Visitor: 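Before anything else, here's the structure in question.
Values in this document were obtained by computation on a predicted structure and should not be read as measured data. Order of listing sets the numbers, starting from 1, for every ligand and every atom in it.
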Amino acid sequence: MAHHNPWPDEGNTGHIWDEDLRELDNPPPLWWMLSFYAGFVMIIFYALYYPTIPLENSHTKGLAGWTQVGEYHEDYKVLKDWRKKKFADQEEKLAALSVDQILKDKDLTTYAVKTSKMLFGDYCAACHGAGGQGNPDFPVLADDDWLWGGKPAQIQATITNGRIGNMPAKGMMGNLTDEDINHVADYVIALSNGKGNDPSVAAGKAVYTKGMCFACHGPAGKPLAPAGAANLTDHIWRFAGDKDDIIRTIKYGVNVKKNGELIPHTRNAVMPAFKERLPNPEVNIKRLAVYVYSLGGGQ
Ligand code: HEC
Ligand code: HEC
């Protein structure tokens, strides 16, 4: 640093390096200073307007009342209104038409199926599996084997009012012995293999008559009308197809109650009613009936 200032009149600060590098004392340009002050004003405005200052357990809320979640909800509402408008026609049709009529309209069916998937996931999949493929002790919906009928109106009725299958323990009169049950279980297995007339299961066939199994399962293991009884002639097992499982079903029945409580070992098979569980049930039950039908309906 030099002691002598060779440029005394130019308003430098007297700091000089390397002979002629010196620090001047000019004010910053006006535009720069204005932006600088404007920045302060903005900071104060922001600090007041938005949530800013952390407090011990919370933070200042800001004059705008803005929150991230609030903004999300607003945007979501815009999207929802947009969708409501966009799909208003289809929703109106679903409300006005019967399930049969909906199924005749290919575009509307596609729409109903697509908009069912979330509902099915929320309300049905826990029991019936994500694609209606069933779970142990809950029936498969994605096939054409129905306990309660696979016509659109029957599916709709199942979902609306629920279903409770009933099979008495030990035959219609409750008078089958363990030996009888053993024989009739062999007969049931033979039925599922198409060997119901095999002489080796004649004893079981007689028990089938004695236990009046035909009243529900039909004279040859195939129910005459869908009323909740399983078809015994196919390989689709509502419960499980081992002999022990079959014996259990015959011995303890399905949904058998004593003094208002299920007896031990009886099969518990209740399809809940959804007319009061679903949001907007009139439309949503039809939507789901179309979906279930599209998975495997027919009979
Ligand atoms: C708590 C478990 C549970 C839930 C949840 C449930 N179901 Fe079921 N569902 C069952 C059971 C158990 C049966 C069989 C009833 C029987 O054995 O008679 C059944 C039967 C059915 C049937 C008749 C199948 C046939 O073979 O005839 C349909 C259709 C059906 N459910 C649709 C649905 C739909 C759609 C939903 C969702 C809105 C749903 N279920 C939710 C347990 C459930
Ligand atoms: C009052 C009607 C009724 C009578 C009588 C009846 N069943 Fe059933 N049976 C049912 C119902 C309902 C089911 C269960 C279907 C369901 O809820 O999934 C069933 C289920 C079964 C199953 C299980 C099928 C499977 O796929 O897992 C077997 C096996 C069976 N019955 C055999 C018999 C035999 C053998 C008799 C005679 C001793 C008999 N049932 C009498 C109504 C009856």
Visitor: Would you indicate which of F138, F214, F239 comes nearest to atom 27 (O) of ligand 2 when only heavy atoms are counted?
Guide: F239

Visitor: Between T13 (side chain) and D25 (backbone), is there a donor-acceptor pair under 3.5 Å?
Guide: no

Visitor: At what distance is the nearest protein heavy atom to atom 3 (C) of ligand 2, and which residue and atom is it?
Guide: C216 SG, 2.7 Å

Visitor: For atom 8 (Fe) of ligand 2, does an N/O/S atom of T249 lie at less than 2.8 Å?
Guide: no

Visitor: Give me the residue, atom name and distance of the protein heavy atom closest to atom 34 (C) of ligand 2.
Guide: C213 SG, 3.5 Å

Visitor: Yes or no: does G228 have any heavy atom under 4.0 Å from an atom of ligand 2?
Guide: yes

Visitor: Take the angle between the ring planes of W32 and F36 and call it parallel below 30°, perpendicular above 60°, tilted in between.
Guide: parallel

Visitor: Near V270, which atoms of ligand 1 are under 4.0 Å from a heavy atom of that residue?
Guide: 10 (C), 11 (C), 12 (C), 42 (C)

Visitor: Under 4.0 Å between a Lys/Arg side-chain N and an Asp/Glu carboxylate O for D245 and R267?
Guide: yes

Visitor: Looking only at distances, please establish whether an N/O atom of ligand 1 is found under 3.5 Å from an N/O atom of W146.
Guide: no

Visitor: When you check the gap from the basic side-chain N to the acidic O, do K151 and D100 get nearer than 4.0 Å?
Guide: no

Visitor: Near C124, which atoms of ligand 1 are under 4.0 Å from a heavy atom of that residue?
Guide: 34 (C), 35 (C), 36 (C), 37 (C), 38 (C), 39 (C), 41 (C)

Visitor: How large, to 10°, is the angle at atom 8 (Fe) of ligand 1 when you draw lines to SD on M271 and to NE2 on H128?
Guide: 180°

Visitor: Write out the residue and atom name of the closest protein heavy atom to atom 33 (C) of ligand 2, then the distance separating them to 0.1 Å.
Guide: M167 CE, 3.3 Å

Visitor: List ligand 2 atoms under 4.0 Å from A269, heavy atoms only on the residue side.
Guide: 17 (O)

Visitor: Should K93 and D89 count as an ion pair when the cut-off is N to O under 4.0 Å?
Guide: no

Visitor: Give the numbers and elements of all ligand 1 atoms closer than 4.0 Å to a heavy atom of Y123.
Guide: 5 (C), 37 (C), 41 (C)

Visitor: Heavy-atom contacts with V254 under 4.0 Å: which atoms of ligand 2 show up? List them by number with element.
Guide: 13 (C), 14 (C)

Visitor: Report yes or no: does H183 contribute a side-chain atom to a donor-acceptor pair with the main-chain N or O of K205 at less than 3.5 Å?
Guide: no

Visitor: Check each of P272, S116, P139 against atom 11 (C) of ligand 1 and report the one with the nearest heavy atom.
Guide: P139

Visitor: If hydrogens are left out, which of N268, N166, I250, L147 has an atom nearest to atom 35 (C) of ligand 2, that is, the closest non-hydrogen atom?
Guide: I250

Visitor: For atom 4 (C) of ligand 1, what is the closest protein heavy atom, and at what distance to 0.1 Å?
Guide: C127 SG, 3.3 Å

Visitor: For ligand 2, which atoms have a heavy atom of P168 less than 4.0 angstrom away?
Guide: 1 (C), 3 (C), 4 (C), 5 (C)

Visitor: Starting from atom 28 (C) of ligand 2, which protein heavy atom do you reach first, and at what distance in Å?
Guide: L232 CD2, 3.7 Å

Visitor: Do any heavy atoms of I236 fall under 4.0 Å from ligand 2?
Guide: yes

Visitor: By number and element, which atoms of ligand 1 are closer than 4.0 Å to a non-hydrogen atom of I159?
Guide: 35 (C)

Visitor: Quick test: of every protein heavy atom, which one is nearest to atom 25 (C) of ligand 2, and how far off is it to 0.1 Å?
Guide: R238 N, 3.2 Å

Visitor: I need the nearest protein heavy-atom contact for atom 24 (C) of ligand 2: residue, atom name and distance, please.
Guide: A230 CB, 3.7 Å

Visitor: Is L176 in contact with ligand 2, taking contact as a heavy-atom separation below 4.0 Å?
Guide: yes

Visitor: Return the orientation label for the F87 and Y111 ring planes: parallel under 30°, perpendicular over 60°, tilted otherwise.
Guide: tilted

Visitor: Do the ring planes of F274 and Y123 sit parallel (below 30°), tilted (30 to 60°) or perpendicular (above 60°)?
Guide: perpendicular

Visitor: Pick whichever of H217, R248, K251 has a heavy atom sitting closest to atom 41 (C) of ligand 2.
Guide: H217

Visitor: If you measure from the Lys or Arg side-chain nitrogens to the Asp or Glu carboxylate oxygens, is any gap between K222 and D234 under 4.0 Å?
Guide: no

